[in-house]
Amino acid sequence: MTPEISEGFLLRATPYGEADLVAALLTRRWGRIAVLAKGARNSRRRFGGVLDYFHHLRAEVRPGRSGMGRLLGVELVRPFGRLRESVEAYWAGSQVLEVARLGTREGDPDEPFFALVEATFAALERGGEPRSLARVFQARALAALGYGLPVEECPACAEPYAGYGAACHAAGPGGIRCGSCAEPGAVRLSPGTLRTLRAAVELPLDRLGGLRVSASAEEEAGPLLEAGLTAALGVRPRSLVPPGEG
């Protein structure tokens, strides 16, 4: 079959045989795909130094007639080298890749999710604070996966959150309810945390790094976002644990 080209990011590389790799890619054109990179563990001409994590790639793929396609070569579009310069930036970038791998479907193009990955990497590259960006990414990923947080009004009674003047509560995996509808023992969310969550889901992609998540908002929203992602993905991503807290 005729080779085709798409931009993409490497999600996972698995050794295969003595010299090959099976590369899981998130691509703009095909969504998540798995391709065989023949000789990728030895070939410096086609893959060396380019087929790597945190690289925006242009991949040449020959689709398989029945089964896995072949990765013929890659070109570097943009390196996000700053993600390797600190433990926290590497952790945040790794979380983006793991959630993308778990949350996208093979062969199903998802331009909004691809754009979210690209924008989060770009924000980290510009020096955005990794822990804040991780929370912003989690909120945006939930929305992209169809599990958006109700930050405007209570989904149980349809009443607005009084302009964020009334505290609200977490209710189950990824849920928010007003104080009247929340279950007993639900975690209280402050008006400031609700404003942060709203900003996280409404920010333009090119401004993701401009939102700083305060320590109090991190403490309140973190468990809510992680529970929502775990429910949406069907498994808890291992990369949710920040450096030094494992």
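What you see is a predicted model, and the numbers here were worked out from it, not measured in a lab.
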(request) Answer with yes or no whether the side chains of Thr27 and Glu7 bring together a donor and an acceptor at under 3.5 Å. (result) no
(message) Any donor-acceptor pair under 3.5 Å linking the side-chain atoms of Thr193 with those of Thr196?
(response) no
Donor-acceptor list for residues 204-212 side chains, cut-off 3.5 Å, not counting sequence neighbours:
none

Does the [X] side chain pair with the main chain of [Y], one donor and one acceptor, at a distance under 3.5 Å?
{"X": "Glu75", "Y": "Leu57", "value": "no"}
{"X": "His55", "Y": "Pro79", "value": "no"}
{"X": "Arg101", "Y": "Leu11", "value": "no"}
{"X": "Arg140", "Y": "Ala200", "value": "yes"}

(message) Checking Trp30 now: which residues fulfil side-chain hydrogen bond (donor to acceptor under 3.5 Å, both in side chains) with it, not counting sequence neighbours?
(response) Glu4
(request) Quick one: do Leu229 and Leu240 satisfy side chain to side chain contact (heavy atoms under 4.5 Å, CB included)? Show the steps, please. (result) CA-CA 10 Å; Leu229 269 181; Leu240 287 180; 4.3 Å; yes
(message) Suppose the criterion is side-chain hydrogen bond (donor to acceptor under 3.5 Å, both in side chains): which pairs have a residue in residues 229-241, not counting sequence neighbours?
(response) Glu98-Ser239, Glu226-Arg236
Taking the side chain as everything from C-beta on, heavy atoms only, tell me whether [X] gets closer than 4.5 Å to [Y].
{"X": "Leu145", "Y": "Leu233", "value": "yes"}
{"X": "Val35", "Y": "Leu25", "value": "yes"}
{"X": "Pro109", "Y": "Arg29", "value": "no"}
{"X": "Tyr147", "Y": "Leu142", "value": "yes"}
{"X": "Cys157", "Y": "Cys178", "value": "yes"}
{"X": "Glu129", "Y": "Glu88", "value": "yes"}
{"X": "Leu21", "Y": "Lys38", "value": "no"}
{"X": "Leu116", "Y": "Phe137", "value": "yes"}

same_hphob_cluster([X], [Y]) at 4.5 Å side-chain heavy-atom cutoff:
{"X": "Ile5", "Y": "Leu26", "answer": "no"}
{"X": "Val74", "Y": "Leu76", "answer": "yes"}
{"X": "Leu189", "Y": "Val136", "answer": "yes"}
{"X": "Leu72", "Y": "Met68", "answer": "no"}
{"X": "Leu10", "Y": "Val117", "answer": "yes"}

Between atom [atom1] of [X] and atom [atom2] of [Y], what is the distance when rounded to the nearest 0.5 Å?
{"X": "Leu194", "Y": "Glu220", "atom1": "CG", "atom2": "CD", "answer": "8.5 Å"}
{"X": "Leu225", "Y": "Leu149", "atom1": "CG", "atom2": "CG", "answer": "6.0 Å"}
{"X": "Thr14", "Y": "Asp20", "atom1": "OG1", "atom2": "CG", "answer": "12.5 Å"}
{"X": "Ser6", "Y": "Arg58", "atom1": "OG", "atom2": "CZ", "answer": "9.5 Å"}
{"X": "Ser94", "Y": "Phe54", "atom1": "OG", "atom2": "CZ", "answer": "4.0 Å"}
{"X": "Thr120", "Y": "Gln138", "atom1": "OG1", "atom2": "CD", "answer": "10.5 Å"}

(request) Kindly indicate, with the supporting measurements, whether the criterion side chain to side chain contact (heavy atoms under 4.5 Å, CB included) is fulfilled by Glu159 and Glu153. (result) CA-CA 5 Å; Glu159 288 294 322; Glu153 63 181 27; over 6 Å; no
(message) Assess the residue pair Leu224 and Leu197 against the criterion (side chain to side chain contact (heavy atoms under 4.5 Å, CB included)); give the C-alpha distance rounded to whole Å, side-chain angles, the decisive distance to 0.1 Å, and a yes or no.
(response) CA-CA 11 Å; Leu224 172 68; Leu197 289 172; 4.1 Å; yes
(message) Considering only residues two or more places apart or on different chains, which pairs with a residue in residues 62-85 satisfy ring-ring contact (aromatic ring centres under 6.0 Å, His included)?
(response) Phe80-Phe121
(message) Looking at every non-hydrogen atom in both residues, tell me the closest pair between Ala89 and Leu124 and how far apart they are.
(response) O-CD1, 4.3 Å
(request) Report the C-alpha separation of Val235 and Leu102 in whole Å, then their side-chain angles, then the decisive distance to 0.1 Å, and conclude whether the side chain to side chain contact (heavy atoms under 4.5 Å, CB included) test is met. (result) CA-CA 8 Å; Val235 62; Leu102 295 172; 3.9 Å; yes
I'd like to know whether [atom1] of [X] has more than 12 heavy-atom contacts from other residues, nucleotides or ligands below 6.0 angstrom.
{"X": "Arg84", "atom1": "CZ", "value": "yes"}
{"X": "Tyr53", "atom1": "OH", "value": "yes"}
{"X": "Glu18", "atom1": "CD", "value": "no"}

(message) Is it the case that the ring center of Phe114 lies less than 6.0 angstrom away from the ring center of Phe9?
(response) yes
(request) List in chain and number order the residues that pass ring-ring contact (aromatic ring centres under 6.0 Å, His included) with Phe113, two or more places apart in sequence or in another chain; answer none if no residue qualifies. (result) none
(request) Salt-bridge test for Glu152 and Arg198: reply yes if a basic N is under 4.0 Å from a carboxylate O, no otherwise. (result) yes
(request) Run the salt-bridge test on Arg28 and Asp110 with the 4.0 Å N-O cut-off and return the result as yes or no. (result) no
(request) May I have the step-by-step check of salt bridge (Lys or Arg N to Asp or Glu O under 4.0 Å) for Glu218 and Arg131, ending in yes or no? (result) CA-CA 9 Å; Glu218 164 85 14; Arg131 294 201 180 207; 5.1 Å; no
(request) Give the other cluster members for Val77, using side-chain heavy-atom distances under 4.5 Å between Ile, Leu, Val, Met, Phe, Trp and Tyr residues; answer none if it is isolated. (result) none
